[in-house]
Amino acid sequence: MDREQEEMQFLGLFGIYKESCKVIYSYWKIFAKITLSLILPLSFIFLAYIEVSNLIQRKIIFTEIRRDFTPVGTTRYNRLSDLLSKERTYFNIFKVVYGTFYLILSLLSTSAVVYTVACIYTGCDLTFGKVMTVVPKVWKRLMITLLCIFIATIACIVAATLVFVSIVYFLRDTAAVVPLFFICLILFNVGFIYLSMGWYLACVVSVLEESYGLKAMMKSRQLIRGKLIIAIVIVFKLFLSLLSVQYAFQMLVVYGRWRLVPMVDRVLYAILCFLVLSMLKLFGLVIQTVIYFVCKSYHHENIDKMELSNHLEVYLLAEYVPLKGKDVQLEECRV
């Protein structure tokens, strides 16, 4: 990042995109290594999960249909029931294994990219080996933050579900139920995108500052003020892009055999979706770190590059000890 701190606050939507692209292009070698080692495997297991889970679910449904047309109490019925129970157990184990690997790679990818962008910003000496040395020492802080984010997500979904159910139950005989339901649905989506942006910043805060967990989430909410609209637009476009890739993969690859898509074309589509998804994930991680610096600049919080550099270098110590607030917390600049 060649921009001065004061200039970062004036970056708009396209300015943030341009700055993120500049960071990736200027240091493409280090980002290429991070992508090959972490982001590509992350994208691969995500798409593989979609394909494999579809095959397993189809097999489970086929077994259920066979059992439904079998007389209850017969040997065949009992055998199909045991088979169905095993298939569901295997599927649940598969989902747990997938979730574990996906979480680990997500933590490592986020840590690596955030640390890399911060080192670029501070001018620290940066090598791929140094990044991979730091990543395992950061993931615990990110894990706690992501756990808090997960709990907050579940709470939001439960609250929204109760609201939707209440609307349908109490207003089911009125003409206002449908428009009110869709208004609440739109508000929920907007609110969820807002919270998602705050959660993205919370991950960056967990790496670059002392705060993590709930403190990081509260800090991210403070930072996002003033750049809320831009942040929401960026997150919405990123979500839309990721959903588009997922939809294309499902339609052209997963369900391609039923749509009579040739095998060669399905393989090409799978490779294309795989590469696009990987690029989107890298771009999204870089953007969320750039937004962090933009928000810090907008709130006139002076980012002492020497202090931040020292904080990043501490990760390289044999025994990492979190720095105290006076060492890590970026001080506010009076203007």
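Predicted, not measured: the structure shown is a model, and the values here were computed from it.
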Intermediate values then yes/no, side chain to side chain contact (heavy atoms under 4.5 Å, CB included), I287 and L238: CA-CA 10 Å; I287 279 182; L238 183 60; over 6 Å; no
Would you give the length of the straight line joining atom [atom1] of [X] to atom [atom2] of [Y], rounded to the nearest 0.5 angstrom?
{"X": "L47", "Y": "I271", "atom1": "CG", "atom2": "CD1", "result": "11.5 Å"}
{"X": "F31", "Y": "L36", "atom1": "CZ", "atom2": "CG", "result": "13.5 Å"}
{"X": "L242", "Y": "F46", "atom1": "CG", "atom2": "CZ", "result": "7.5 Å"}
{"X": "R221", "Y": "M218", "atom1": "CZ", "atom2": "CE", "result": "9.5 Å"}
{"X": "L142", "Y": "L147", "atom1": "CG", "atom2": "CG", "result": "12.5 Å"}
{"X": "I291", "Y": "I224", "atom1": "CD1", "atom2": "CD1", "result": "7.5 Å"}

Sub-4.5 Å side-chain heavy-atom contact between [X] and [Y]:
{"X": "R88", "Y": "E64", "value": "yes"}
{"X": "L83", "Y": "R79", "value": "no"}
{"X": "I50", "Y": "Q246", "value": "yes"}
{"X": "R66", "Y": "R76", "value": "yes"}
{"X": "S43", "Y": "K281", "value": "yes"}
{"X": "F283", "Y": "I24", "value": "yes"}
{"X": "Y17", "Y": "K237", "value": "yes"}
{"X": "N54", "Y": "Y255", "value": "yes"}

According to a hydrophobic-cluster definition based on side-chain heavy atoms being under 4.5 Å apart (Ile, Leu, Val, Met, Phe, Trp, Tyr only), do [X] and [Y] belong together?
{"X": "W28", "Y": "V286", "value": "no"}
{"X": "I154", "Y": "L146", "value": "no"}
{"X": "I93", "Y": "L55", "value": "no"}
{"X": "F293", "Y": "F14", "value": "yes"}
{"X": "V267", "Y": "F44", "value": "yes"}

Looking at [X] and [Y], what are the two nearest heavy atoms and their distance?
{"X": "I30", "Y": "T127", "result": "CD1-C, 3.6 Å"}
{"X": "I45", "Y": "F101", "result": "CD1-C, 3.9 Å"}
{"X": "A112", "Y": "T116", "result": "O-OG1, 2.6 Å"}
{"X": "T74", "Y": "P71", "result": "OG1-O, 2.8 Å"}
{"X": "L40", "Y": "S278", "result": "CD2-OG, 3.1 Å"}
{"X": "G213", "Y": "T145", "result": "N-OG1, 2.9 Å"}

Return yes if some donor-acceptor pair links the side-chain N/O of [X] with the main-chain N/O of [Y] below 3.5 Å, else return no.
{"X": "R266", "Y": "V253", "answer": "yes"}
{"X": "S220", "Y": "M217", "answer": "yes"}
{"X": "R141", "Y": "S206", "answer": "yes"}
{"X": "S85", "Y": "S81", "answer": "no"}
{"X": "K227", "Y": "L11", "answer": "yes"}

Residues K215, V205; criterion side chain to side chain contact (heavy atoms under 4.5 Å, CB included); working and verdict: CA-CA 9 Å; K215 292 183 179 180; V205 171; over 6 Å; no
Take atom [atom1] in [X]; do more than 12 heavy atoms of anything else shown fall under 6.0 Å from it?
{"X": "F94", "atom1": "CZ", "value": "yes"}
{"X": "K95", "atom1": "NZ", "value": "yes"}
{"X": "L84", "atom1": "CG", "value": "yes"}

Reference residue Y292; test side chain to side chain contact (heavy atoms under 4.5 Å, CB included); the match among V207, L223, V117: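 It is L223, the one option of V207, L223, V117 that forms the side chain to side chain contact (heavy atoms under 4.5 Å, CB included) with Y292.
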Test log, rule side chain to side chain contact (heavy atoms under 4.5 Å, CB included), inputs Y121 and L208: CA-CA 12 Å; Y121 179 79; L208 301 184; over 6 Å; no
Centroid separation F249 to F274 less than 6.0 Å: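 So the answer is no for these two rings.
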Centroid-centroid under 6.0 Å between Y102 and Y98 rings: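 They qualify: ring centres under 6.0 Å apart.
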Side chain to side chain contact (heavy atoms under 4.5 Å, CB included) between I60 and I56, worked out: CA-CA 6 Å; I60 291 175; I56 297 176; 4.0 Å; yes
